Each structure stands twice: as structure tokens, then as C-alpha cells.
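Computed from a predicted model, the values in this text were never measured in an experiment. Counting convention: from 1, in listed order, for ligands and their atoms alike. This chain uses plain numbering: 1 for the first residue, then up along the sequence.
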Amino acid sequence: MKIGIIGTGYVGLPTGVGLAELGNEVICVDREPKKIEALQAGKITLYEEGLEELFHKNAKAGRIRFTTSMKEGVENADIVIIAVGTPPHPVTKEADMKYIHAAATELAEYLQGYTVVATKSTVPVGTGDDVEALIAKKNPFADFDVVSLPEFLREGFAVHDFFHPDRIVVGANTEKARNVIKKLYEPFEGKTQMLFVKRRSSETIKYASNAFLAIKIHYINEMADFCEKTGADIIEVAKGMGLDSRIGPKFLNPGPGYGGSCFPKDTMAMSYMARQNDVEMTLINAAISGNVKRKQQMAIRILEAVKGIEKPKIAILGLAFKNGTDDCRESPAMEIVYNLLENNANIIAYDPKAMGTACQLIGDKIGYADDMYACIKDADVLAILTEWNEFKDLDLAKAAYLMRHKIIIDCRNLLDAEKAVANGFKYQGIGKKTEKRDNHLREVA
Ligand code: NAD
């Protein structure tokens, strides 16, 4: 099939490459000339495991091309996929539709023959109707249907998730459009669940899913706080909970709060939509405010650890919002760094993939190290903020030798607490019993 993709970011690019790999003819359109020039020159513009190889393979085979021309991407396409950003509105925090509206208006005049316009961006319920109206207004003779095709890929696993989706949700209001999308996803038939629903249901499924996952993370973080006070161990508690098939083990890792380009903005957008429709969503609102507080609490925890040390040097391992990506948008690590900087902290950081993206956001306000040992050298505290696998292999004896004070705040529970203590570290993970409470328990006994 011939497919035009509007927006060549974290969703558009892996989707385009994946669809090309399945044998389709793909043209990716982006309004950023620099991005397109790089891609045309064979330079990948973002990090996702396995993407670069597939990108080169399909570009070489001529199955995927890149352009800034909307005309080129849209004319002759059987399906036009909209994958532009829907960031939070700076004031209301609702999903800002300016890029969606612009894309719909820009693409309208180039539609030729029957075309399915599929919205992959995460968009508020009713957006399909708006996109339909915008296209019809600009091009009254266009023969098209608008479908909702929400994206569920996880950043860091985008290529894997493209080829092994948990489910494919399609919100289509006409049989004709449903058949076109069925043909697109033919290679997945029998391998995954395909759910055809009303367009408005599909738009809602995406927000309902992301908000639910954010609430799950917030819940386990609150439970971790409870464990710290009571002497229970959150890892054991989460394991015990996760064995219940109604709960499941995923998204029960306590940490510094959720982040990334989706959960924070999608929870706020869902909350806004609920308010607009006079529906009270107390759980989502609690997760939003609790998550903001969480990152402040982690910054306080780090500052408390170096209290009394003159001009402490804080080593940060991890800047990306999670492992497997270079994306720092709404990263808890970055929020914590900003918070520490407000307290005049002296910070040096290392991240295996996100140094470039972090530097674009924060510049020279912090120092950047070439590897984790250079990062912790002469540091007074080490804070682990992203769950990169390589941090698990930190040589604790070497770390103890390199650091000025032996203090670790492990916001991802990556290190072995006992080993850290055995190497002379004062170690604090998340959701594990504190010394103070232990004493209290002993007193009672
Ligand atoms: P992104 O910012 O990485 O990419 C969006 C791209 O669209 C940018 O390159 C931008 O230049 C381009 N663009 C904007 N307007 C355009 C126009 N009129 N014509 C051509 N190009 C245009 O965003 P993203 O992370 O890929 O997210 C895209 C959408 O997918 C969002 O709605 C997001 O919520 C949703 N989503 C993202 C993820 C994720 O993991 N990032 C997962 C699921 C859903």
C-alpha cells in the first residue's frame, strides 16, 4: 500500500520504518527541514533499539522516503497517517490541537481518490469529527474517511512493539475505511487482537489506558512511602501483588515518578476533558498532583543526604525519562535536576544515550561526564535516576574508592543494597525500611 506519514518523530519514524519493512511504500513528511535533510542523508534522528538498521535497509530498498512536501506525501497515498505532536496547552493543560489542525488543513488539498486519513497522535475525544470537518471545508470534493488509530508503542521498545503489538485498536465509522485498515494490518492477522470500535471509543481508549498506567505507578509509589515508614519492603510487596493475575506485575516498580512525552500530558488532557464534561476524575487528579510532589520529594532526599557537606558535588546517573531512549521530555530525572539547580547544587551527570537531548534542554548548567565512573569521581552523593541496565553493573568497590563521600540515593532500586552497605556506602533505595523505624520496632519488642 502507499502510505504518507505526517510527522517524523518518536511515533512517525518507527511507524514509517515498520510499515516499509512490511513491504509498503512509505513517504514520511515533516515540517522541520533539518530533520528531513538528516534522514535523506541517511542519518537517523532519534534513538530506538533496532531502528537504525531497519531504517537503512528500507531506505536502501527505496521503500521509505523523506520529504518536507505535503503534496508529495499525500497525493497517491491510500492511507495518510497523522503522527504530529499534541503537547499540553501552556495554560489550560488540555491537548493542544494546533499541529493536528494545521496538518489536517495542509493535507486536505492534496488528497486524490479515496483516502483514509488515520490519526495516530493521541487526541481528545471528538478530534476525528474536527479533522473530518477541516478537510471537507478545505477540499469539499475530497473522497476520504477519518479513522482513529491510537499508538500504544513504548518508547525504548518502539521497534519491538511495532512488530509485536498487544492489540491494534481501530476507530472507524465506515465499512470502507475499516477494510482499508484491515488490509494494512493483514500481516498481524492471527498474531494479535484487532479491535474495531467507534471512532470516539478509540480516541478514549488511548487516554483511558495511559491514565490507568499513570495511576498504577502513582499507587506503587505511595505504597513505597508506606513501606519506608513501616519496615515492609516494596519489592516484596510488589511481587506479592503482581502474582495476582487481576493486578499483574507490570508498572509496579516504584521510582521517582512517571514522565516522558505521554503520561504527564495525557493525564492532564484527560483531566481537562473530564472537567469539560462535568465528570469528576479524582484518581487521575491525585496521580497528577502526587507525581509532581514525588519529584520534589526525590530532590529533597538527595539534598538531605548531603546536608552539612560544604559545596557538595552531586553525581546523577540517568537523564532520560526511562531506559532505552534518548527522550528527556518531562523526564523525572530532568525535573529533579532542575529542582536541585534551584538549590544551587553542583551537578555532574551521565546518561548512555540522552546526553545530547539533555544538553539541548539544560545546556551548561550542569557538567557532563563521559562514563559513569568519571561522573561519580569526587562526588559526595550518587543519585540514580534512570533505570539503565549498565548502572546495575556499577563496580561498588571502585565507586567507593572514587567518591569523596560514600552516599547513594538509588531512586530506581537498581543496586544491591547489602553490597552497597558492605562497600561502606550509606545507601537509600525506594520503599525499603529505614534505620529509624527499625530502632522503633526493636524498642517495642
Ligand atoms: P514528536 O514531537 O517526536 O514528533 C512530531 C513531529 O511532527 C515533529 O517532528 C514535528 O516537526 C512534526 N510536525 C508537526 N506538525 C507538522 C505538520 N503540520 N506537518 C509535518 N510535520 C509536522 O512527537 P511524538 O512523540 O512522535 O508524538 C506524536 C503523537 O503520538 C503525540 O500525539 C503523542 O502523544 C502520541 N504518542 C507518542 C508516543 C511516544 O512514545 N512518543 C506513544 C504513543 C502515542
Side-chain angles (χ1 to χ4, degrees), residues 4-18 27-39 44-49 51 66-74 80-89 94-110 117-124 127 131 134-135 138 148-162 165-169 202-203 205-207 209-211 213-214 258-270 320-322 324-331 357 360:
I5 299 194
I6 318 301
T8 312
Y10 284 88
V11 166
L13 187 58
T15 303
V17 170
I27 303 185
C28 292
V29 184
D30 205 287
R31 54 154 57 154
E32 272 186 39
K34 269 192 185 160
K35 207 175 255 190
I36 293 301
E37 277 161 27
L39 291 163
I44 196 107
T45 44
L46 55 92
Y47 175 75
E48 272 292 341
E49 199 178 327
L51 186 64
F66 301 92
T67 179
T68 51
S69 156
M70 190 64 92
K71 181 174 186 288
E72 228 179 292
V74 172
V80 174
I81 295 176
I82 301 179
V84 300
T86 47
H89 186 278
E94 69 192 287
D96 194 337
M97 288 291 101
K98 66 178 177 219
Y99 300 114
I100 294 281
H101 291 168
T105 311
E106 287 163 31
L107 70 85
E109 65 178 295
Y110 305 115
V117 177
T119 309
K120 219 170 219 325
S121 303
T122 303
V123 292
T127 298
V131 169
L134 283 166
I135 295 174
K138 187 82 195 272
S148 158
L149 205 59
E151 180 54 66
F152 299 101
L153 65 77
R154 298 163 300 162
E155 268 183 53
F157 303 90
V159 174
H160 173 274
D161 289 355
F162 178 87
D166 281 344
R167 81 289 210 193
I168 293 165
V169 174
S202 171
E203 290 165 342
I205 286 170
K206 176 64 192 175
Y207 278 110
S209 303
N210 271 5
L213 293 172
Y258 60 77
S261 69
C262 290
F263 288 177
K265 85 171 170 62
D266 292 348
T267 43
M268 287 190 295
M270 185 68 236
F321 85 92
K322 65 174 188 173
T325 180
D326 60 353
D327 196 348
C328 286
R329 290 178 289 181
E330 299 284 332
S331 166
T357 40
Q360 278 169 22

S.K.: Quick check for you: to the nearest 0.5 Å, what is the distance between Asn210 atom CG and Ile205 atom CD1?
M.R.: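 Rounded to the nearest 0.5 Å, the CG-CD1 separation comes out at 12.5 Å.
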S.K.: Would you tabulate the polar-atom pairs, meaning N/O of ligand 1 against N/O of the protein, with distances under 3.5 Å, reported to 0.1 Å?
M.R.:
{"unit_1": "ligand 1", "atom_1": "2 (O)", "unit_2": "Arg329", "atom_2": "NH1", "d": "3.4"}
{"unit_1": "ligand 1", "atom_1": "3 (O)", "unit_2": "Tyr10", "atom_2": "N", "d": "3.2"}
{"unit_1": "ligand 1", "atom_1": "9 (O)", "unit_2": "Asp30", "atom_2": "OD1", "d": "3.4"}
{"unit_1": "ligand 1", "atom_1": "9 (O)", "unit_2": "Asp30", "atom_2": "OD2", "d": "2.6"}
{"unit_1": "ligand 1", "atom_1": "9 (O)", "unit_2": "Lys35", "atom_2": "NZ", "d": "2.6"}
{"unit_1": "ligand 1", "atom_1": "11 (O)", "unit_2": "Asp30", "atom_2": "OD1", "d": "2.6"}
{"unit_1": "ligand 1", "atom_1": "18 (N)", "unit_2": "Glu106", "atom_2": "OE1", "d": "3.4"}
{"unit_1": "ligand 1", "atom_1": "21 (N)", "unit_2": "Arg31", "atom_2": "N", "d": "3.2"}
{"unit_1": "ligand 1", "atom_1": "25 (O)", "unit_2": "Arg329", "atom_2": "NH2", "d": "2.9"}
{"unit_1": "ligand 1", "atom_1": "26 (O)", "unit_2": "Tyr10", "atom_2": "N", "d": "3.0"}
{"unit_1": "ligand 1", "atom_1": "26 (O)", "unit_2": "Val11", "atom_2": "N", "d": "2.8"}
{"unit_1": "ligand 1", "atom_1": "32 (O)", "unit_2": "Thr86", "atom_2": "OG1", "d": "2.6"}
{"unit_1": "ligand 1", "atom_1": "32 (O)", "unit_2": "Thr122", "atom_2": "N", "d": "2.9"}
{"unit_1": "ligand 1", "atom_1": "34 (O)", "unit_2": "Thr122", "atom_2": "OG1", "d": "3.4"}
{"unit_1": "ligand 1", "atom_1": "34 (O)", "unit_2": "Lys265", "atom_2": "NZ", "d": "2.6"}
{"unit_1": "ligand 1", "atom_1": "40 (O)", "unit_2": "Glu155", "atom_2": "OE2", "d": "3.2"}
{"unit_1": "ligand 1", "atom_1": "41 (N)", "unit_2": "Glu155", "atom_2": "OE2", "d": "2.7"}
{"unit_1": "ligand 1", "atom_1": "41 (N)", "unit_2": "Ser261", "atom_2": "OG", "d": "3.4"}

S.K.: Does Glu94 use its side chain to pair, donor to acceptor, with the backbone of Ala269 at less than 3.5 Å?
M.R.: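 It does not hold such a pair.
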S.K.: Examine distances only and state if a side-chain atom of Ser121 and a backbone atom of Val123 form a donor-acceptor pair shorter than 3.5 Å.
M.R.: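 No; zero donor-acceptor contacts below 3.5 Å.
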S.K.: Is a donor on one side and an acceptor on the other found under 3.5 Å between the side chain of Thr68 and the backbone of Pro33?
M.R.: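 No, the answer is negative, given that no donor and acceptor are paired below the 3.5 Å cut-off.
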S.K.: More than 12 non-hydrogen atoms from neighbouring residues, nucleotides or ligands closer than 6.0 Å to OH on Tyr99, yes or no?
M.R.: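 Incorrect, the count does not exceed 12.
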S.K.: Taking ring-ring contact (aromatic ring centres under 6.0 Å, His included) as the definition, give me every residue that meets it alongside His89, ordered by chain and number, with sequence neighbours left out.
M.R.: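 For His89, no residue satisfies ring-ring contact (aromatic ring centres under 6.0 Å, His included) once neighbours in sequence are set aside.
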